[in-house]
**Q** 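Just dropping this structure here.
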Amino acid sequence: MIPPDLGTPLSQAELEQLEALLDSDIFRGEAMLLDEMQGLFFAVASSPDLVAASQWMPEALGETPAFEDPAQAQQVLELIMRFYNQSVAAAATDNFELILYRTETEEIDYAAWCGGYLTGVDLAETDWYDAGDPDEVGELLFPLLVLADALPEEEKRSIKPAEWRRLVQSCEESLGDTLARIHSYWMVLRTPPSTVRRDAPKTGRNDPCPCGSGRKWKQCCGAAGLLH
């Protein structure tokens with residue numbers, strides 16, 4: 001169970017505080033910003049494998065943060081873990097708000113968020129394409145590859161400019177649904193439906209009825225089922 005303090009979502013002020021810390025000299029430009037980090041956490045939450053903090057932490061913060069003292073390190077790690085838990089909880093719902101910044105041209109920057117997500121995909125111990133049906137996984141990840149501008153150049157060149165613009169717009173508009181579908185896909189594979197177990201042996205048609213009437217099952221309680 002998550003301790004109450006680490007399970008509390010960050011307030012807007014705390015998100016801004018964390019963003020300022022991530023963009024500070026502590027991380028020497030190696031840390032992800034909040035949009036990339038949220039993408040990373042959504043992928044980790046939806047992965048076919050459980051991804052430990054020891055795996056995603058270096059990707060999120062870089063290898064060698066220069067904390068001023070243990071208190072500052074503790075502050076940052078608590079904020080990060082709360083943001084992680086907040087993101088994991090959001091990814092399990094169909095009602096979440098993505099942190100998306102704007103570029104210098106005032107366009108929404110989907111590339112950073114989706115790039116963070118694809119980094120999280122690579123952290124899974126089992127390759128996503130091996131863990132599921134490769135065609136299904138490819139279809140699920142395709143919108144993220146488009147928005148992260150991560151499609152192979154040969155494939156991208158085969159798409160006409162007008163078609164590419166329409167494709168990008170479609171992927172942007174459906175991103176939330178895409179993320180929800182990916183999460184549902186892996187949750188089903190992580191926890192497949194259990195087989196119904198019969199604790200008692202099945203009663204044969206000519207066996208004595210379990211109700212104790214002394215008649216055969218087909219002539220007693222089983223007769224009701226035979227009428228339908």
Side-chain angles (χ1 to χ4, degrees), residues 10 15 18-19 22-23 27 29-49 51 55-62 80 83-124 126-159 161 163-187:
L10 298 181
L15 283 170
L18 177 57
E19 180 75 312
L22 294 172
D23 197 28
F27 298 102
E30 295 180 355
M32 291 180 168
L33 298 185
L34 290 185
D35 53 349
E36 297 173 276
M37 194 175 291
Q38 189 188 47
L40 173 77
F41 291 161
F42 264 62
V44 167
S46 304
S47 174
D49 299 319
V51 180
Q55 293 174 262
W56 58 254
M57 193 78 75
E59 294 290 343
L61 302 182
I80 290 290
F83 185 47
Y84 167 77
N85 292 325
Q86 177 179 344
S87 300
V88 169
T93 73
D94 56 2
N95 182 26
F96 45 75
E97 184 175 351
L98 302 183
I99 298 175
L100 296 168
Y101 295 146
R102 291 188 178 272
T103 64
E104 293 179 357
T105 58
E106 290 302 310
E107 296 178 347
I108 296 177
D109 185 7
Y110 288 93
W113 199 100
C114 294
Y117 191 100
L118 294 177
T119 298
V121 169
D122 290 338
L123 289 178
T126 306
D127 186 278
W128 281 39
Y129 292 91
D130 293 335
D133 180 275
D135 291 335
E136 292 177 351
V137 173
E139 183 179 345
L140 288 169
L141 289 179
F142 181 76
L144 290 137
L145 292 168
V146 169
L147 295 178
D149 199 17
L151 284 181
E153 282 300 318
E154 183 177 349
E155 183 175 353
K156 187 176 177 181
R157 283 197 300 267
S158 68
I159 304 173
E163 293 176 349
W164 176 256
R165 288 193 293 271
R166 288 194 294 270
L167 175 61
V168 169
Q169 182 178 1
S170 174
C171 292
E172 290 174 352
E173 293 172 349
S174 62
L175 179 57
D177 291 336
T178 295
L179 298 173
R181 285 199 302 272
I182 293 174
H183 188 276
S184 296
Y185 181 83
W186 290 122
M187 290 307 100

**Q** Compile the donor-acceptor pairs under 3.5 Å between side chains in residues 167-175 and protein atoms, sequence neighbours left out, one pair per line.
**A**
from: Q169; atom 1: NE2; to: E173; atom 2: OE2; distance (Å): 3.1
from: S174; atom 1: OG; to: S170; atom 2: O; distance (Å): 2.9

**Q** Show the numbers, then the answer: is there a side chain to side chain contact (heavy atoms under 4.5 Å, CB included) between Q55 and V44?
**A** CA-CA 10 Å; Q55 293 174 262; V44 167; over 6 Å; no
**Q** According to side-chain hydrogen bond (donor to acceptor under 3.5 Å, both in side chains), who are the partners of E36, at least two apart in sequence or on a separate chain?
**A**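 For E36 there are no side-chain hydrogen bond (donor to acceptor under 3.5 Å, both in side chains) partners, ignoring immediate neighbours.
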**Q** Could you measure the distance from the NE2 atom of H183 to the OG atom of S47? Nearest 0.5 Å is fine.
**A**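 Between atom NE2 of H183 and atom OG of S47 there are 10.5 Å.
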**Q** For A90, check side-chain contact (heavy atoms from CB on, under 4.5 Å) against everything at least two apart and list the hits.
**A**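 side-chain contact (heavy atoms from CB on, under 4.5 Å) check on A90 returns F42, F96.
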**Q** Please tell me if the side chains of M32 and T119 come closer than 4.5 Å, counting only heavy atoms from C-beta onward.
**A**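 With C-beta onward as the side chain, the pair touches.
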**Q** Do you know the tightest heavy-atom contact between A43 and V121?
**A**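 Nearest pair, atom of A43 first, then V121: CB-N, 3.8 Å.
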**Q** Sequence neighbours left out, what passes side-chain hydrogen bond (donor to acceptor under 3.5 Å, both in side chains) with T103? Give chain and number order.
**A**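 Counting only residues at least two positions away or on another chain, T103 forms a side-chain hydrogen bond (donor to acceptor under 3.5 Å, both in side chains) with T105.
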**Q** Around atom CD of E97, are there more than 12 heavy atoms from other residues, nucleotides or ligands closer than 6.0 Å?
**A**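 12 or below, so no.
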**Q** Give every residue pair that meets the side-chain hydrogen bond (donor to acceptor under 3.5 Å, both in side chains) criterion with at least one member in residues 86-96, sequence neighbours excluded.
**A**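 Sorted pair list comes back empty.
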**Q** The criterion is side-chain contact (heavy atoms from CB on, under 4.5 Å); which residues satisfy it with E136, sequence neighbours excluded?
**A**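 Here the qualifying residues are D133, Y185.
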**Q** If you compare all heavy atoms of T126 against all heavy atoms of A131, which two are closest, and at what distance to 0.1 Å?
**A**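 T126 and A131 have their closest heavy atoms at CG2-CB, 3.8 Å.
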**Q** Under the side-chain contact (heavy atoms from CB on, under 4.5 Å) test, which residues partner L34, sequence neighbours left out?
**A**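 Result, side-chain contact (heavy atoms from CB on, under 4.5 Å) vs L34: L15, L18, E19, L22, F83, I99, Y101.
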**Q** Give every donor-acceptor pair under 3.5 Å between a side-chain atom in residues 141-157 and any protein atom, sequence neighbours left out.
**A**
from: D149; atom 1: OD1; to: K156; atom 2: NZ; distance (Å): 2.7

**Q** In the structure I gave you, are the side-chain heavy atoms of P48 and W128 within less than 4.5 Å of one another anywhere?
**A**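 A side-chain contact under 4.5 Å exists here.
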**Q** Would you give the length of the straight line joining atom CG of D122 to atom OH of Y117, rounded to the nearest 0.5 angstrom?
**A**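 The distance works out to 12.0 Å.
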**Q** Where do R102 and E106 come nearest, in terms of heavy atoms and distance?
**A**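 Smallest heavy-atom distance, with atoms named: NH1-O, 2.8 Å.
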**Q** Say you draw a straight line from CG of L140 to CG of L179; how long is it, rounded to the nearest 0.5 Å?
**A**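 Answer rounded to 0.5 Å: 10.5 Å.
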**Q** side-chain contact (heavy atoms from CB on, under 4.5 Å) with A180: which residues, sequence neighbours excluded?
**A**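 By the side-chain contact (heavy atoms from CB on, under 4.5 Å) rule, A180 matches no residue at all.
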**Q** Under the rule for side-chain hydrogen bond (donor to acceptor under 3.5 Å, both in side chains), what residues qualify as partners of D127, not counting sequence neighbours?
**A**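 Result, side-chain hydrogen bond (donor to acceptor under 3.5 Å, both in side chains) vs D127: none returned.
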**Q** Applying ring-ring contact (aromatic ring centres under 6.0 Å, His included), can you list everything that pairs with W56, at least two apart in sequence or on another chain?
**A**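 Checked W56 against ring-ring contact (aromatic ring centres under 6.0 Å, His included); matches are F41, Y84.
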**Q** Just by modelled atom types, is the A111 backbone N or O under 3.5 Å from a matching donor or acceptor in the D109 side chain?
**A**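 Pair found, side chain donor or acceptor close to backbone of A111.
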**Q** Hey, what do you get for OG (S46) to CZ (R181), rounding to the nearest 0.5 Å?
**A**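 Separation between the atoms: 12.5 Å.
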**Q** How long is the straight-line distance from CG of L40 back to CG of D35, given to the nearest 0.5 Å?
**A**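 Answer rounded to 0.5 Å: 11.5 Å.
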**Q** Could you list the residues that satisfy side-chain hydrogen bond (donor to acceptor under 3.5 Å, both in side chains) with S184, not counting sequence neighbours?
**A**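 So S184 forms no side-chain hydrogen bond (donor to acceptor under 3.5 Å, both in side chains) with any residue.
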